[in-house]
Amino acid sequence: MTERDRAGGVLTVDLDAVRENWRMLEGMVGPTAECAATVKADAYGLGIDRVAPALAGAGCRTFFVAAIDEGIALRRLVPDARIFVLNGPFPGTCRDFLEHRLVPVLNAREQVEAWTTGGCGGEAALHVDTGMNRLGLAEDELASLAATPGALSPILLMSHLACAEDGQSVMNAGQLARFLTARRLLPAVPASLANSSGIFLGPGYHFDMVRPGAALFGVSPRAGQPNPMRQVVRLQGKIVQLRDVDRPMTVGYGATHRVTGRGRVATVAVGYADGFPRSLSNRGCGHVGGVRVPLVGRVSMDLITFDVSEAPPEAVRPGAMIDLIGRENPVDAVADQAGTIGYEILTSLGHRYYRHYVGGAA
Ligand SMILES: *Cc1c(COP(=O)(O)O)cnc(C)c1O
């Protein structure tokens, strides 16, 4: 018995596709801008221990994570890379940054003061808010900091776009203008504005560095347009049981689905405890034997049920797999059906799946 035999689902991560996606974005922004990689939240749920070395092998030199512990873990994986920590330093964490050569992104006046006066004093990036109103110094705070000689000399000035996936949003040009204004206060400091989607807004948004995350992992960077990225994730769920139905009956908790005619229902060993959203109840679908099979009834903790009446009988038997995320039903489509975004589908991917990595050899 292998781990794969025992698992209720198989998650295949194509590291070559991750690398190809990174190279494509690098080609769009280079040679004037550097293409970093954002690998927070365990590389968007795909496994930072495999993803980060694959990206480093493709030539990525700079990584962004959200949390200090993510940075500490990443340091062991990519000993020579530059690592930025987006959430910045929390009180008492100064030593962790210096010891693991992590560069904090300073997001607020308090973080700047703690970093510069608290005996830390290593390299730091500075985040200026340009309209997201989540993290970053206000423009007047940046102005007073820039006017204080010797206060801080950041190695990167950055901001974050709120609506970049919508190329029509007026927010984008507004944030760009505010970032250009901020940049004039620190003209010698390298600058970074774009996430995945921001890269597709055009060269004016690239500055000296871009910070894609989701697009590396196959999420579409442009809402409502064809996805230029390669699919990275395939999720398959294993059939536990088949049930032939020949009289009207209901399926699952709450009896929310009723089978009326004759049919077959397949029960698959994946559920919301695996990060498969409960909101896909009676809305999701799978693919098996070249046929789309609707998810029927509620998603339960460990199981889901599909109406496989239309699937070729030889493709649906106990132990066979139904595709849950993949070529026919990419992550953005699944997210749509679940009423969320691809980011949340990926970062929710559970840990009971057998994780299978392909490609990525240096
Ligand atoms: C998460 C994040 C990114 C990456 O965003 P994607 O949309 O996944 O490309 C870049 N910059 C900041 C500040 C982030 O928080």
Side-chain angles (χ1 to χ4, degrees), residues 18 21-26 28-29 33-46 48 51-52 55 60 62-68 70-71 74 82-89 102-108 111 124-137 154 156-167 169 171-172 175-176 178-179 182 190-201 205-223 225 227-230 232-233 331-332 335 340-349:
V18 174
N21 286 337
W22 183 81
R23 286 201 193 97
M24 178 196 144
L25 299 177
E26 196 210 17
M28 286 177 71
V29 305
E34 178 186 351
C35 190
T38 302
V39 293
K40 58 198 181 191
D42 198 26
Y44 290 52
L46 303 191
I48 195 170
V51 167
L55 284 167
C60 181
T62 300
F63 293 87
F64 286 82
V65 292
I68 304 166
E70 294 176 339
L74 178 58
R82 194 155 51 146
I83 300 173
F84 289 98
V85 177
L86 287 165
N87 286 354
L102 307 175
V103 184
V105 176
L106 305 177
N107 295 296
Q111 285 190 337
L126 197 58
H127 189 156
V128 58
D129 178 53
T130 53
M132 177 106 170
N133 286 303
R134 188 179 65 168
L135 290 175
L137 268 69
L156 186 71
L157 179 68
M158 59 165 273
S159 192
H160 194 43
L161 296 164
C163 302
E165 70 284 354
D166 176 8
S169 171
M171 280 292 285
N172 297 323
Q175 288 199 262
L176 178 62
R178 265 172 257 133
F179 192 59
S192 174
L193 179 61
N195 64 338
S196 300
S197 301
I199 294 170
F200 290 81
L201 295 175
Y205 289 79
H206 297 171
F207 293 91
D208 301 298
M209 187 194 289
V210 296
R211 315 182 302 269
L216 300 175
F217 310 119
V219 173
S220 181
R222 297 174 303 176
Q225 290 189 57
N227 186 356
M229 312 314 299
R230 266 192 64 183
V232 169
V233 169
V331 62
D332 292 295
T340 182
I341 55 175
Y343 295 65
E344 193 178 28
I345 297 294
L346 292 184
T347 56
S348 303
L349 287 167

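Atoms within a ligand are numbered from 1 in the order they appear, just like the ligands themselves.
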field: ligand 1 contact by Glu165, heavy-atom criterion under 4.0 angstrom
entry: no

query: At under 4.0 Å between heavy atoms, which part of Arg211 makes contact with ligand 1: side chain, backbone, both or neither?
result: both

message: Quick test: of every protein heavy atom, which one is nearest to atom 5 (O) of ligand 1, and how far off is it to 0.1 Å?
response: Asn195 CB, 3.4 Å

message: At less than 4.0 angstrom from any non-hydrogen atom of Met158, what atoms of ligand 1 do you find?
response: 13 (C)

query: Where the side chain of Asn21 meets the backbone of Ala214, is there a donor-acceptor pair that is under 3.5 Å apart?
result: no

task: Work out which heavy atom in Gly71 is nearest to a heavy atom in Leu102; give both atom names and the distance.
output: O-CD2, 3.5 Å

message: Can a side-chain donor-acceptor contact be found between Gln175 and Thr130 if the only test is distance below 3.5 angstrom?
response: yes

query: Rounded to the nearest 0.5 Å, how far apart are CG of Asp166 and CG of Asn172?
result: 7.0 Å

When the side chains of residues 38-46 are checked against the rest of the protein, which donor-acceptor pairs come out under 3.5 Å, sequence neighbours left out?
unit_1	atom_1	unit_2	atom_2	d
Thr38	OG1	Arg211	O	2.9
Asp42	OD1	Ile48	N	2.8

task: Mark the output for Arg134 as yes if a heavy-atom distance to ligand 1 is under 4.0 Å, and as no if none is.
output: yes

task: Determine whether any heavy atom of Tyr44 lies closer than 4.0 Å to an atom of ligand 1.
output: yes

query: Hey, does His127 come in under 3.5 Å of ligand 1, counting only N/O atoms on both sides?
result: no

- prompt: For the residue pair Pro89 and Leu106, what are the closest heavy atoms and their distance?
  reply: CD-CD2, 3.6 Å

- prompt: Is it true that Pro212 lies under 4.0 Å from ligand 1, counting heavy atoms only?
  reply: yes

- prompt: With a cut-off of 4.0 Å, which atoms of ligand 1 are near a heavy atom of Lys40?
  reply: 1 (C), 2 (C), 3 (C), 14 (C), 15 (O)

- prompt: Among Phe84, Phe207, Phe64, which one satisfies side chain to side chain contact (heavy atoms under 4.5 Å, CB included) with Met158?
  reply: Phe64

- prompt: For ligand 1, is any non-hydrogen atom under 4.0 Å from Tyr343's backbone (N, CA, C, O), its side chain (CB onward), both, or neither?
  reply: side chain

statement: The answer for which part of Leu86 has a heavy atom under 4.0 Å from ligand 1 is side chain

message: Has Asn195 got a side-chain atom pairing as donor or acceptor with Leu161's backbone, closer than 3.5 angstrom?
response: no

query: Which distance, rounded to the nearest 0.5 Å, do you find between the CD1 of Ile199 and the CG of Leu201?
result: 9.5 Å

Residue, atom name and distance, where the atom is the protein heavy atom closest to atom 9 (O) of ligand 1: Ser196 OG, 2.5 Å

task: Taking only heavy atoms of Ala214 into account, list the atoms of ligand 1 that are under 4.0 Å away from them.
output: 6 (P), 8 (O), 9 (O)

